[in-house]
Amino acid sequence: MNPAVKSACDYSRKHGWKPFLVDWGLRGLIEGWIYEATKERLSGILHKGGTVLGSSRSKRFFDLQYREQAYRHLQEKKISKLIVIGGDGSFSALNQFYSDFGVPFAGIPATIDNDIPGTDYCLGVDTALNMIRWSVDSIRDTASSFSRAFVVETMGRHCGYLAMTSALATGAEVCLVPEIPYDLDSIAERLRKEKEEGRKYLLGIVAEGTGMGESLTRWMGEALGMDARLTVLGHIQRGGSPTVYDRVMAFKFANAAVESLASGQTNQVMTFKDGSYGSASINEITDQQHHVDPSLIKLCEAISR
Ligand code: F6P
């Protein structure tokens, strides 16, 4: 998120605009925590994880009276356009704000779950995947040294994207995700055969959306007679310095967001779809259901059954 903040501000200056930063998201809009985007605030942030602006989930924004308050703060500062970095909840909130007061916005998709419809990529995903890859590579050292089975639970809410991609990248033997029906009996048969052929340890990746972390670990111990352990990676996946890919994607999305506002668009979300950059209206985004790339699902089927 930080490279996107920096790039959006730098690029908007090239258009002759004066950028401001809203601290603590929607809550900051309501409270008027809006400050000029000085070089001091923007320098040294590119490599930082999280967001230097702070984030919050604000139920008050659903209430017109607080949105009016937010609008007054923008008027005081003569702010006429907004860029929002987040997910479909933030985009819908800003769309409501646009219908109320006509303040145009451009959305930059950012969630490690990678589950925003209309775009194949959301900021933060590559950094999270690299964090998972590093963690699983480290866990493998104990798994191989002690001949154990390890189950690693990844985040992603209801989406198995993180689990599938990291299972392939780390060479896991098992991957359970909400998108693929799994059959533990056939997995057991496959793994027993692999053990007979010399496999000494096992790695399983399970998406939090399956709720299978503990039971898969117990099952691996019982069905395969192995010492089994569970690691729930948790919020480590949401931290760390953004990868090169994430930084570059942030620049592309942020520049596209500024261009979208400069060209008079009012409520578009930036997208990266089938290898091309573009944008989609907020309604196109919220009316669709998100689906993980079928070719990724196909690749994972071999370790999910
Ligand atoms: O939506 C991003 C996400 O990290 C999910 O993958 C996870 O389920 C959730 O947020 C965790 O939320 P919280 O930090 O509120 O526990």
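As the structure lists them, so they are numbered: ligands from 1, and atoms in each ligand from 1. In what follows, every heavy atom counts, from backbone to side chain, and hydrogens, waters and symmetry copies are set aside.
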*Heavy-atom nearest neighbour of atom 8 (O) of ligand 1 within options M155, R57, E208*: E208
*asked:* Can you tell whether the side chains of D10 and R13 come within less than 4.0 Å, N to carboxylate O?
replied: yes
*Contact check, Q237 vs ligand 1, heavy-atom distance below 4.0 Å*: no
*Side-chain heavy atoms under 4.5 angstrom apart, residues restricted to Ile, Leu, Val, Met, Phe, Trp, Tyr: same cluster for V22 and W33?*
no
*Contact with ligand 1 for H158, non-hydrogen, under 4.0 angstrom*: no
*Sequence neighbours left out, what passes salt bridge (charged side-chain N to carboxylate O under 4.0 Å, His left out) with R192? Give chain and number order.*
none
*If you have a sec, work out which protein heavy atom is nearest atom 6 (O) of ligand 1 and how many Å separate them, to one decimal?*
D113 OD1, 2.6 Å
_ligand 1 atoms in contact with G156 (distance to a heavy atom under 4.0 Å)_ = 6 (O)
*Give the residue, atom name and distance (to 0.1 Å) of the protein heavy atom nearest atom 16 (O) of ligand 1.*
H235 NE2, 3.3 Å
*Report yes if the distance between the aromatic ring centroids of F97 and F61 is under 6.0 Å, otherwise no.*
yes
*Inter- and intrachain pairs under side chain to side chain donor-acceptor pair (under 3.5 Å), touching residues 147-169, at least two apart*: R148-D227
_Minimum-distance protein heavy atom relative to atom 12 (O) of ligand 1_ = R238 NH1, 3.8 Å
_Pairing of R41 and D23 as salt bridge, 4.0 angstrom limit_ = yes
*Specify the protein heavy atom at minimum distance from atom 9 (C) of ligand 1: its residue, its atom name, and the distance to 0.1 Å.*
R157 NH2, 3.6 Å
